[in-house]
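Order of appearance sets the numbers: ligands from 1, and atoms from 1 within every ligand.
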Amino acid sequence: MHALIIVDVQPDFCPGGPLATSRGDEVAGLIAQHVADNVSSYDAIVSTQDWHIDPGSHFSRNPDFVDSWPVHCVAGTDGAKLHPLLAPIAENIEGHFLKGEYSAAYSGFEGHLADSEQTLAQWLHARGITTVDVCGIATDFCVKATASDALANGFGVTVLSELCSAVAQDSGIKALQDLADAGARIQD
Ligand SMILES: [Zn+2]
């Protein structure tokens, strides 16, 4: 059984947002098209969202863009919603996982369903999922962390690299290389 994990495709990580990645909007559109074209090949499709209430030192007025960041993805704000370009595939997304309410959370596997404590790993295992495709934002942070945790949880992992947007090009390339070294398949 095969699932797609759409990581943090939220307006605050796209051009015009406080933590913009250059390809954010482009990737949102490409993911919507990918799902429309490949929906029958997935047994489940889920999304993750950075969803901050009071994440402590994850937010800073003087961010280092490694461990601290400008205010972003505040729970309930428009910038934290799923990207509007995902609206056409909204009904295909069966599970919405939120993460980071009270501390930094880069991996979608730190997330839980909005209305329960069920984690992403529990949800996927309950549906018999054994392999996952991972895409979204940002390649070098939350996509990397999510794909790494997927490997650690025993899933076969393919990163859909063209459907990922990086904070910085160099670190995005390095993240994909690190994931390949760790056992993920990288698909252009
Ligand atoms: Zn965050």
Side-chain angles (χ1 to χ4, degrees), residues 4-28 31 45-86 93 95-124 132 134-153 157 159-161 163-176 178-179:
L4 175 67
I5 304 174
I6 303 169
V7 177
D8 295 13
V9 180
Q10 297 168 268
D12 275 0
F13 296 134
C14 296
L19 207 45
T21 65
S22 61
R23 293 185 65 236
D25 291 331
E26 179 189 358
V27 155
I31 291 170
I45 298 173
V46 300
S47 66
T48 70
Q49 284 163 273
D50 219 18
W51 195 256
H52 295 312
I53 296 171
D54 181 8
S57 61
H58 187 56
F59 284 172
S60 173
R61 288 173 199 260
N62 299 296
D64 64 10
F65 294 90
V66 178
D67 295 312
S68 61
W69 306 90
V71 172
H72 61 277
C73 295
V74 172
T77 62
D78 285 349
K81 292 179 179 172
L82 286 181
H83 196 290
L85 289 175
L86 298 184
I93 302 174
H96 298 86
F97 292 84
L98 307 177
K99 62 185 175 63
E101 285 99 324
Y102 298 103
S103 62
Y106 295 96
S107 168
F109 283 85
E110 297 177 76
H112 62 89
L113 287 174
D115 57 357
S116 86
E117 293 301 309
Q118 189 172 31
T119 66
L120 177 56
Q122 291 167 345
W123 194 96
L124 294 170
V132 296
V134 182
C135 62
I137 306 171
T139 320
D140 30 358
F141 288 91
C142 292
V143 170
K144 180 182 180 184
T146 302
S148 294
D149 274 355
L151 289 166
N153 277 278
V157 176
V159 179
L160 306 177
S161 62
L163 306 187
C164 296
S165 180
V167 171
Q169 190 175 17
D170 288 354
S171 57
I173 291 167
K174 183 175 188 309
L176 294 174
D178 289 348
L179 289 169

Query raised in the report: Does a salt bridge link D170 with K174, judged by any charged N lying under 4.0 Å from a carboxylate O?
Result: no
Any side-chain heavy atom of L82 sitting closer than 4.5 Å to one from H96?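 The answer is yes, as the side chains (C-beta and beyond) meet within the 4.5 Å cut-off.
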- Message: I want to check something: taking the side chain as every heavy atom from C-beta on, are D12 and H52 in contact at a cut-off of under 4.5 Å?
- Response: no
Over 60° means perpendicular and under 30° means parallel, so classify the ring planes of F13 and H72, tilted if in between.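 Because their plane-to-plane angle lies in the 30° to 60° range, the rings of H72 and F13 count as tilted.
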Return the name of the atom in [X], of element N, O or S, nearest to the Zn ion (ligand 1).
X   : answer
H58 : NE2
D50 : OD2
H52 : NE2

Item to check | N, O or S from C73 under 2.8 Å to the Zn ion (ligand 1) | outcome: no
